[in-house]
Amino acid sequence: MSTAIESNLKEKRVFKPTKEFSKAARIQSLAQYREMWEESIERPDKFWGREASELTWQTKWSKVLDWKEPYAQWFVGGKLNVSENCLDRHLLTARKNKAAIIWEGEPGEKRVLTYQQLHREVCRFANVLKRNKIKKGDRVLIYMPMIPEAAVAMLACARIGATHSVVFGGFSADSIRDRITDSKAVMVITTDGGYRRGSIVPLKKNVDDALRDDPQSIKKVIVFRRAGNDVHIEEGRDVWWHREMDYVNAVCPAEPLDSEHPLFILYTSGSTGKPKGILHTTGGYLLQAYATSKYVFDLRDEDVYWCTADIGWVTGHSYVVYGPLACGATSLMYEGAPNWPENDRFWRIIEEYAVTVFYTAPTAIRAFIRWGDQWIKKHDLSSLRLLGSVGEPISPDAWMWYHNVIGGGRCPIVDTWWQTETGAIMITTLPGAIPAKPGSAGLPFFGVDAVIVDDDGKEVGPNVGGKVVIRKPWPSMLRSIYGDKPRYKKTYWSEVKGAYFAGDGAHRDKDGYFLIAGRIDDVLNVAGHRLGTSEIEGALGSHPAVAEAAVVGRPDELKGQGVVAFVVLKGGIAVEPHLREELRQHVGQVIGPIAKPDDIRFAEGLPKTRSGKIMRRLLKEIAGGKAITGDTTTLEDLSIIAKLSSNSD
Ligand code: WT7
C-alpha cells in the first residue's frame, strides 16, 4: 500500500476492510487485486476465458475476443442461454429449493419463488410467448411494476431469444410509443396497474394511449393482473397473462443462442435528440454481470441481497435479475416507495428478511438522512454485512452517514461507477481487497482500462481533471445504438481517439482512485435518472405556447440535480401563472413525471453568442441562483445579462 493511503488511513479518510471480511472474501488483498487486474488487461483471453468457464455453454467459444474498433465480439462461436444460466443450472444443485426471488408488494403482500418455481414460471411464460407467435429476434417491450412477473417476462424472452426492451413504469404513453417505433417491437407485456405511494399507476391505460393513433408494429399485448383496476381489453390484440398460462405446460428447453445474440435494448438519454436504444448481447453481458456480482457484492449462498433499483433501469437488469440469479443468489424485490406507508419501509424490509447486502442510490440516501435517524433506530439492521451505492457521486458526508447509521460502522461500502452503456460495474472498491475512500468510486474492475484524458486525448497525471475514457473493449460493453451504428461510433468512439468516451468528467488521486465529478455533456442526473436537456427542450417546444426553450441543471440537495427551463413564449402570448404548471404537466405527458422541470422561468429571449449558440454556462449560473419568487408573471431579460457577461462569445 502506498504511503498516501497509509496517511489517509490515520486521518480516517480511508476505510480498510476488516481482517474477518477480507479473509472470507473472494479477493482478499490489494496485491491480489492488482495481480488479477494486470492479468485481465495483459491477457484478457486468459482472464475472461477462465471466468466464462464458470458459466454454462451449450457450445464452447473458439475465440474470446474479436475487436475491430468500435465493434467487439466476445466468445466468438460460443452458444449459451442467459435463462439457462440464471435458472436451469441451479436446479442441478442444492439451490433447487433456495429462494431466487423474495418479493414484497407495496400494499404488503409477500411472495417467495424458489429457483425451481421461478424456472417453472419462466418456462411456462416462454411457451405463452411462443403461442403468441414470438420468435427468436423479435423485440418485446416490457412495461411493468416491480413484481416477480417482470423478471419472469425478461427471463422468458431470454429463453427463446426474443430481445426485450424494458420501459420504466414512470415513463409516459408518448415515451412508450417512441420506443416501440424505434425498436419495432411486436408485443407489449404490461399489467393493469402497479402501486406507488398507495395509488395505482394505470400502466395498461398508458399502453392503450401509446397504441391509440396507429396500430404500429404491435400485434399482441399481454396483461398481468396486478392491481385489479378496470382496464380496456382490445379484442384480438390484448390477452390476460393468467388465461394464457392455462394453455401451456412447463416444458421449454432453453434455445442455444449465439454469444452475440441481442439480449436487450434499453433506452437512455444522450446529449442530443431522442433517447437512444443501447444494445446489449448475450455472452459478454452475462459474464460481466455475473463476475461483478460475484466479486463486488461477493455474493454467497447465505446472502439475502437487495438492490433497490427498478428493472426499468440498467441497474435492475444487471443487479436485480441477471447478475444475482446467475450467481444463484437470493434477490429481493420490493414494488413500491421507500416512504410508504411510513419512512421506515426499507428498514422494516431489511429487518424482516435479514438482508445482508444492500445496494441503493445516493439520492435515496439523501432522503433517508433528511427523514431522520429515528426511523432507522427502530429497526435491527445487524444482518447487513455490505453496502453499495450507484447512480451519481456520493458525497463524503452521505457516505459517512451510510457507513455509520445504516452500516453500523461495520459494513464496507462499494461505490460503483458504471453506465447503461457499460452494462456492468466498471470502477469500484472490491470490498475485501481495496480500501474505500468516501467520495471516490475507487479503482477499475478487472479488464477495465479506464483513464482520464485531456482535450487532446492525452492521459493526465494525478489530481488533474479530464474526461473518463476506456481504452480497451470489455465484455458487457454496448454493441451499438439500436438501428444506428453511425451514431454509436460518433457518440462513443470519436470524441477521443482509440477510446470509449463515457461523458463523465473526473480526476484520479495519487493512488489512482477515480473521483467522478459528473456529466460533462448536456445530460442531467436527476435523482439518479438520466435525462437529456435536449429531450426536455423538445418536449417544451411541442407545447403550442412555446417559441423556444433551454434546459439546464442546478444543484439540488435531494435530487442531485434539478431541472430548470428557460422558456420564450410565442409572440402575443402573455405569461400567466397557470402556464408554469401547464408546461410542467406537458413535459410529464411527453416524457414522464420524472422529467418535469422544477423551475420554469420565462424570458424575452435566450442569451446567445453572436454565432447563435445558447449560452448554457450563463444559464446554468442564473439557474443556480435563487428561484424567482414574488411576481411570477415577470419576463426576465436575459439578453441584458448576456451583454454584461464577459464571455458573450
Ligand atoms: C451516469 C450513468 C449505472 C447505473 C445507474 C446509472 C453517473 C453512475 C456513479 C457513481 C458517480 C455515477 C455517471 C454516469 N454515475 N454511477 N458511482 N459515481 N457517478 O446509469 O443512467 O446510464 O447513468 O451516472 O455520470 O455517466 P445511467
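Note that ligands are numbered from 1 as they come in the structure, with each ligand's atoms numbered from 1 the same way. The first residue of the sequence shown is numbered 1, and numbering continues consecutively from there. Computed from a predicted model, the values in this text were never measured in an experiment.
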Exercise for review: Establish, yes or no, whether a centroid distance under 6.0 Å links the rings of Phe501 and Tyr492.
Suggested key: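 No.
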
Review point. Got a sec: does the CG of Asn463 have more than 12 other heavy atoms crowding it under 6.0 Å?
Key: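 Buried by this count: over 12 neighbours within 6.0 Å.
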
Review point. Using 4.0 Å as the upper bound for N to carboxylate O, is an ion pair formed by Arg370 and Glu557?
Key: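 Looking at Glu557 and Arg370, the cut-off is met.
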
Exercise for review: Could you name each residue pair satisfying salt bridge (Lys or Arg N to Asp or Glu O under 4.0 Å) that touches residues 387-400, not counting sequence neighbours?
Suggested key: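 Checked against salt bridge (Lys or Arg N to Asp or Glu O under 4.0 Å) - neighbours excluded - the pairs reaching residues 387-400 are Arg366-Glu392.
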
**Study point:** Those residues that, when tested against Glu421, pass salt bridge (charged side-chain N to carboxylate O under 4.0 Å, His left out) (two or more places apart)
**Key:**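 Glu421 satisfies salt bridge (charged side-chain N to carboxylate O under 4.0 Å, His left out) with Arg530 only.
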
Practice item. Sequence neighbours left out, what passes side chain to side chain donor-acceptor pair (under 3.5 Å) with Trp401? Give chain and number order. Key: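 Side chain to side chain donor-acceptor pair (under 3.5 Å) list for Trp401, sorted by chain: Asp373.
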
List of N/O pairs, ligand 1 versus protein, all under 3.5 Å?
from, atom 1, to, atom 2, distance (Å)
ligand 1, 15 (N), Gly391, O, 3.2
ligand 1, 16 (N), Gly391, N, 3.1
ligand 1, 17 (N), Asp415, OD1, 2.8
ligand 1, 17 (N), Thr416, O, 2.7
ligand 1, 18 (N), Glu392, O, 3.4
ligand 1, 22 (O), Thr420, N, 2.8
ligand 1, 22 (O), Thr420, OG1, 2.6
ligand 1, 22 (O), Arg530, NH1, 2.7
ligand 1, 24 (O), Gly391, O, 3.3
ligand 1, 25 (O), Asp504, OD1, 2.9
ligand 1, 25 (O), Asp504, OD2, 3.0
ligand 1, 26 (O), Gln419, NE2, 2.8
ligand 1, 26 (O), Asp504, OD1, 3.0
ligand 1, 26 (O), Asp504, OD2, 3.1
ligand 1, 26 (O), Arg519, NH1, 2.9

